[in-house]
Undergrad: 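Quick one: structure below, then a few questions.
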Amino acid sequence: MHEMSSYLDLVLPCGTSLIFCWWLGRAIANRYTYYQRLYGKLQPSIGHASGDQNQKKLRVLSQNMWCTNSWGAVRKGSKGPEVQKRFDAFVRAAVEGGYDVLLLQELFTYRIAYLFLTIEEVVYLTEQLEAAGFIYHTGLVYNLPVVLGQSSGVAIFSKHPIVEWEGHTFRQYSLKDSLNAKGFVKATVAVGGQCLHFFSAHLDSSKRGKGLEAKKFQVNQLVAAIAEVVPKEGAIVAGDFNICSHSVRTRTLYSHLTSSMTGVGLQPVFTDLPYTHRAGSTLDHAFIGGAHLSLGNVSAEHTVHLKTDIDDLPVSDHDGLAFAIDIQPQ
C-alpha cells in the first residue's frame with residue numbers, strides 16, 4: 001500500500017503537468033491559427049481592370065487613424081470599445097464625402113511572438129471599408145516584424161483599381177521609433193484612362209537630436225522613390241510627416257521637406273495649414289505634381305475634423321486633409 005501511494009504521488013503531478021502543457025500548447029496553437037487567419041485578411045487587394053475611363057475628378061482624404069498601442073492613446077480612446085465607433089464614423093465620413101482614395105497612417109499592428117495586438121481593429125476597419133466600396137488596398141502588414149515590433153501602419157484604400165503597389169520601410173530611424181517599422185506605401189491607381197501614383201507616409205515621431213536627422217534621411221528616401229515616377233507620371237503624396245510647419249525647432253526641416261518635393265516637381269496642396277494635431281501642431285502635409293497634375297488641377301478643400309457620436313471622442317487625434325483632383329486627359 002505504501003508503494004502504491006508513493007507511485008501515485010509521483011505519477012499524478014507528472015500527469016497533471018502533461019495535461020496542462022497539452023492544454024497550453026493547444027490554446028497557443030489555436031490562438032496563433034486565429035491570428036494567421038486575420039493576418040491573411042490584411043494582404044493586398046489588387047485589381048487588373050483599366051479603371052473608369054470617364055472619371056473627371058478624384059477626391060482624396062489623408063487621415064492618421066490613431067490605432068496604436070501607446071499608453072497615452074489607449075487612455076484617450078485608441079483602444080477598447082470606442083475604437084469601432086471611431087472607425088465606423090470614419091467610414092461614414094468617407095462615404096458621405098464621396099472620397100475615391102484614402103491615404104491612411106497609424107493602422108499599426110504590434111507583434112509579440114505569437115500575439116498580434118490591434119490586428120482585430122485593423123481587420124475590422126478593412127472589412128468596413130471594403131463593404132463601403134473601397135475594395136482595393138495595399139498590404140497592411142507587409143513589414144510586421146517576425147518576433148517583436150510594430151508594422152508601418154500606412155495603407156492606401158481605393159474605389160478604383162490598384163494595379164500595383166510597393167511597401168517601403170525607412171532605413172534610418174531614432175531610438176524612440178526603433179520598434180516601429182515606419183515607412184511609406186506607393187499605390188498605382190488606374191483611373192480616368194491613366195495611372196496615378198499615390199504615396200502614404202508616416203515619418204519618425206522624435207522631435208530632437210538624432211530624431212531630426214533620421215527624419216531628414218526619411219524625407220530623402222521618400223523623395224527618391226517619388227523621383228522614379230515624376231515628371232513622366234502624376235504623383236500624390238500625403239501623410240503624417242511629424243514635421244510641424246509652425247515650429248521653430250522643425251522650421252529648417254520643413255524647408256528641407258518642401259524644397260525636396262519641389263525639386264522633383266511636386267507642390268504643396270495646402271500653403272498655410274491650420275493645426276492638424278490636437279496638441280497644436282501642423283504635422284500632416286500633402287503634395288502633388290508630375291504629368292497632367294498641377295496645383296491648377298487641385299481643389300484644396302480643408303482639414304477635416306471627424307467626430308463620433310460619443311461626447312468628446314474624435315475619430316483621431318489628427319485632422320484629415322481633403323482635396324480633389326481634376327484629371328486631365330492624356
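Residues: numbered from 1 along the sequence shown. Heavy-atom basis, side chains included; hydrogens, waters and symmetry copies ignored.
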Undergrad: Would you sort out whether T276 and H318 count as a side-chain hydrogen bond (donor to acceptor under 3.5 Å, both in side chains), showing the intermediate values?
TA: CA-CA 6 Å; T276 63; H318 287 248; 4.8 Å; no
Undergrad: Donor-acceptor check, side chain of S281 to backbone of L283, threshold 3.5 angstrom: yes or no?
TA: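 Absent.
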Undergrad: With a 4.5 Å heavy-atom cut-off, do Y124 and D88 have their side chains touching?
TA: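 Touching, per the 4.5 Å side-chain cut-off.
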Undergrad: Strictly under 6.0 Å, is that where the ring centroids of H246 and Y254 end up?
TA: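 No, they do not, as the ring centres are separated by 6.0 Å or more.
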Undergrad: Between the side chains of K182 and D177, is the shortest nitrogen-to-carboxylate-oxygen separation below 4.0 Å, so that they form an ion pair?
TA: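 Here D177 pairs with K182 in a salt bridge, since their nearest N and O are under 4.0 Å apart.
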Undergrad: Return yes if some donor-acceptor pair links the side-chain N/O of E164 with the main-chain N/O of I162 below 3.5 Å, else return no.
TA: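 Answer holds: no.
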Undergrad: Going by distance alone, is a donor N or O of one side chain under 3.5 Å from an acceptor N or O of the other, for S45 and H137?
TA: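 No, H137 and S45 have no side-chain donor paired with an acceptor closer than 3.5 Å.
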Undergrad: Quick one: OG1 on T138 to CG on L140, what's the gap to the nearest 0.5 Å?
TA: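 Reported to 0.5 Å precision, the distance equals 5.5 Å.
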Undergrad: Within the distance-only criterion (no hydrogens, no angle test), does the side chain of Q43 pair as donor or acceptor with the backbone N or O of Y39 below 3.5 angstrom?
TA: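 Yes, the answer is positive, given that a donor and an acceptor are paired below the 3.5 Å cut-off.
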Undergrad: Given the rule in the salt bridge (Lys or Arg N to Asp or Glu O under 4.0 Å) test, do K57 and D326 qualify, once you have shown the distances and angles that lead to the verdict?
TA: CA-CA 5 Å; K57 185 182 289 289; D326 291 324; 2.6 Å; yes
Undergrad: Looking only at atom types and distance, does a side-chain atom of T109 sit under 3.5 Å from a main-chain N or O of S151, one as donor and one as acceptor?
TA: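 Absent.
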Undergrad: Will you find, in the side chains of H202 and N180, an N or O donor that is under 3.5 Å from an N or O acceptor?
TA: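 The criterion, which ignores hydrogens and geometry beyond distance, is not satisfied for N180 and H202.
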Undergrad: In plain terms, say whether D100 and R59 are close enough for a salt bridge, that is, a side-chain N and a carboxylate O under 4.0 Å apart.
TA: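 Result for this pair is no, no salt bridge flagged.
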Undergrad: Would you check if there is a donor-acceptor pair between the side chains of S205 and N242 at a distance under 3.5 Å?
TA: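 N242 vs S205: no donor-acceptor pair found between side chains.
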Undergrad: Given 3.5 Å as the limit, does a donor-acceptor pair link the side chain of H168 with the main chain of K186, or not?
TA: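 Checked: no pair found.
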Undergrad: Contact between E127 and K41 at the side-chain level, heavy atoms closer than 4.5 Å - yes or no?
TA: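 E127 reaches K41 side chain to side chain.
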Undergrad: Going through the distances and angles, do Y173 and L179 end up as a side chain to side chain contact (heavy atoms under 4.5 Å, CB included)?
TA: CA-CA 10 Å; Y173 42 81; L179 290 180; over 6 Å; no
Undergrad: Would you check if the side chain of Q84 reaches a backbone N or O of L125 as a donor-acceptor pair within less than 3.5 Å?
TA: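 Not confirmed, Q84 side chain does not pair with L125 backbone.
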Undergrad: Check whether S200 reaches the backbone of L104 with its side chain - one donor and one acceptor, N or O, closer than 3.5 Å.
TA: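 Checked: pair present.
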Undergrad: Do V219 and I243 come close enough that some side-chain heavy atom pair is under 4.5 Å?
TA: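 Yes, side chains in contact.
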Undergrad: Using every non-hydrogen atom in the two residues, find where N64 and D317 come nearest and quote the distance to one decimal.
TA: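 Where N64 meets D317 most closely, the heavy atoms are OD1-OD1, 4.1 Å.
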